[in-house]
Amino acid sequence: MELAAEPVVYQKLLPWEPSLELEEEEEEEETSEMLVPNPWRHQDSSRNKAGGLPGTWARVVAALLLLAVGCSLAVRQLQNQGSSTGSLGSVAPPPGGHSHSSGVYHHGAIISPAGRELLVAGGNVVDAGVGAALCLAVVHPHATGLGAMFWGLFHNSSSGNSTALTSGPAQTLAPGLGLPMALPTLHLLHARFGRLPWPRLLVGPTTLAQEGFLVDTPLARALVARGTEGLCPLFCHADGTPLGAGARATNPQLAAVLRRAAFAPTSDLAGDALLSLLAGDLGLEVPSAGPRPALEPAQQLPVPQGILFTTPSPSAGPELLALLEAALHSGVPIPDPCPPFLQTAVSPGSSALAAVDSSGSVLLLTSSLNCSFGSAHLSPSTGVLLSNLVAKSTASAWACPLILRGSLDDTEADVLGLVASGTPDVARAMTHTILRHLAAGPPTQAQHQHQGQQEPTQHPSTCGQGTLLQVAAHAEHAHVSSVPHDCCPFQGF
């Protein structure tokens, strides 16, 4: 049975009540007495006759027969279950019997190593995205972290509105050290649009930081390229050499910060608690309150195929829309291949993730430390790596997530989300990508009739050395893909 393209309503479990359990036990006892009478219970023997079996022994025989049949059915069910087990990431064929290609799911999906369990637990795309971002803040300190700046774009399929998440202008905690805004920024997004309790989202990252995580290939490469100065002892062996892929790393100080943040009643407190610890490490006074993260309407650009949404200034969103509008009005063919300068520039240290559900809700998040490992200044009491963002830097040139909604009036219209990371000129790279998508045209009627078995568009392409994530809602299914195609793990159900 296919899911309708409407918000899923999750029913809370009722609290346990002894009276209900007693009633159920009484009903079960009455039912079992009717089906399988107890042969050792006192019975009326007035109907027992010599030479017949309608009495106590007849009931014993009946009970044994039913027991044998029940055991046979149980064994058969266990055998069937054992033969149908699969991997956690696989998608079982629905009752209709049709199957899907990789990256197509019935309910929801996320392009990130974490987040699927929050979707399965009843969370929405905001829960999954924020939880995954906090996990990445632990396991990918070279590209993101609690010291990073975050930008986001959320499209709500229920209301049809798109909302931008902004960290505000870059601020400094000390010369060359950026003010960490990740916790209050993500907390604000979740408080407005999340469904699961905030502490539930911090269980995963806290566990990773406390119990340890395996260093993956991207982190190992970044450690070799950057060197370990300022990163020990968290990411070094005893002799000072960097941890390699497969080694286990822990960050107990960061785990303590996350536990404290889990029960912070407001987004301000989540950030202030961290600032107090950081100021103590640096011997500074706690900075006065500056610009806070905010949620505001996304910027829009109508196009013949629908309407585009992106983040406002000081992100690169306005530049992206200006480039797209100029290209669409000029009618000049899409340049292919990419301009050479996009392929040679140095990539900033940034991270991106994307989540989508089959109803068309999309969350895109992107963050940056400005360069690999940011300032490489590790706070000893918090385990946080601070960025080297400065107030006058072009800190948000890497941020321009983009959502294309087919129609604001059609609740079943396709929705496409694009977000990039590691690309030095993100706006131009995204312009090239979305122009290619718009030139391909909308999905055909035949694709709609396949109920999500076809991809909504061709696989995305991007300019430069960065990574592009694409998510889409099409024909009541969630679709995910990326460039390079094997760059980023995705999960769904």
Does Asn251 reach the main-chain N or O of Leu234 with its side chain, forming a donor-acceptor pair under 3.5 Å? no

Residues in disulfide (SG to SG under 2.5 Å) with Cys236, at least two apart? Cys232

Are the side chain of His190 and the backbone of Leu196 linked by a donor-acceptor contact shorter than 3.5 Å? yes

By side chain to side chain donor-acceptor pair (under 3.5 Å), Thr144 pairs with (sequence neighbours left out) Ser367

Closest non-hydrogen atoms of Ala182 and Phe150, given as atom of the first, atom of the second and distance, are CB-CE1, 3.5 Å

Evaluation steps, side chain to side chain donor-acceptor pair (under 3.5 Å), between Ser350 and Ser421: CA-CA 6 Å; Ser350 61; Ser421 69; 4.6 Å; no

OG on Ser381 to CG on Leu254, rounded to 0.5 Å: 11.0 Å

Taking every non-hydrogen atom, the tightest pair across Met149 and Ser167: CE-CB, 3.7 Å

Ignoring hydrogens and angles, tell me if any N or O in the side chain of Arg195 forms a donor-acceptor pair with the backbone of Gly122 under 3.5 Å. yes

Tell me the closest heavy-atom pair linking Leu118 and Asp127, and the distance in Å. CD1-O, 3.3 Å

For residues Ala261 and Trp198, report the shortest heavy-atom separation together with the two atoms involved. O-NE1, 2.9 Å

Sequence neighbours excluded, which residues qualify as ring pair (Phe, Tyr, Trp, His ring centres under 6.0 Å) partners of Phe490? none

Can you tell me if Ser482 uses its side chain to pair, donor with acceptor, with the backbone of Pro484 under 3.5 Å? yes

Can a side-chain donor-acceptor contact be found between Asn370 and Ser368 if the only test is distance below 3.5 angstrom? no

For the ring pair Phe493 and Tyr105, is the centre-to-centre distance below 6.0 Å? no

Begin from the C-alpha positions of His377 and Asn388 and carry the test side chain to side chain donor-acceptor pair (under 3.5 Å) through to its verdict. CA-CA 9 Å; His377 182 93; Asn388 61 349; over 6 Å; no

Apply side chain to side chain contact (heavy atoms under 4.5 Å, CB included) to the pair Leu416 and Gln470, showing each step before the final yes or no. CA-CA 7 Å; Leu416 175 74; Gln470 174 179 290; 3.5 Å; yes

With a 4.5 Å cut-off on side-chain heavy atoms, are Phe309 and Arg405 touching? yes

Are any side-chain N or O atoms of Thr431 and backbone N or O atoms of Ala427, one a donor and one an acceptor, separated by less than 3.5 Å? yes

Using side chain to side chain contact (heavy atoms under 4.5 Å, CB included), reason through Glu325 and Val303 one step at a time and then give a plain yes or no. CA-CA 9 Å; Glu325 189 171 18; Val303 294; over 6 Å; no

Test side chain to side chain contact (heavy atoms under 4.5 Å, CB included) applied to Leu324 and Leu308, step by step: CA-CA 10 Å; Leu324 285 170; Leu308 293 166; 3.8 Å; yes

Does atom CZ of Arg260 have more than 12 heavy-atom neighbours, drawn from other residues, nucleotides or ligands, at distances under 6.0 Å? no

Kindly indicate, with the supporting measurements, whether the criterion side chain to side chain contact (heavy atoms under 4.5 Å, CB included) is fulfilled by Thr163 and Asn156. CA-CA 8 Å; Thr163 304; Asn156 189 333; over 6 Å; no

Decide whether Ser396 and Trp151 meet the rule of one side-chain donor and one side-chain acceptor closer than 3.5 Å. yes

Mark yes when over 12 heavy atoms from residues, nucleotides or ligands other than Arg221 sit less than 6.0 Å from its CZ; otherwise mark no. no

Can you find a heavy atom in the side chain of Val139 that is under 4.5 Å from one in the side chain of Asp216? no

Search all heavy atoms of Ser313 against all heavy atoms of Pro318 and return the closest pair with its distance. N-CG, 3.5 Å

For Ala475, does its backbone N or O pair with a side-chain atom of His477 as donor and acceptor, under 3.5 Å? yes

Starting at OG1 of Thr382, measure out to CG of Leu146 and round the result to the nearest 0.5 Å. 8.0 Å

Distance, nearest 0.5 Å, that separates OG1 of Thr311 from CG of Leu320: 8.5 Å

With a 3.5 Å cut-off and no angle check, do the side chains of His155 and Ser162 form a donor-acceptor pair? yes

Which atom pair, heavy atoms only, marks the closest approach of Asp425 to Arg428? OD2-CD, 3.1 Å

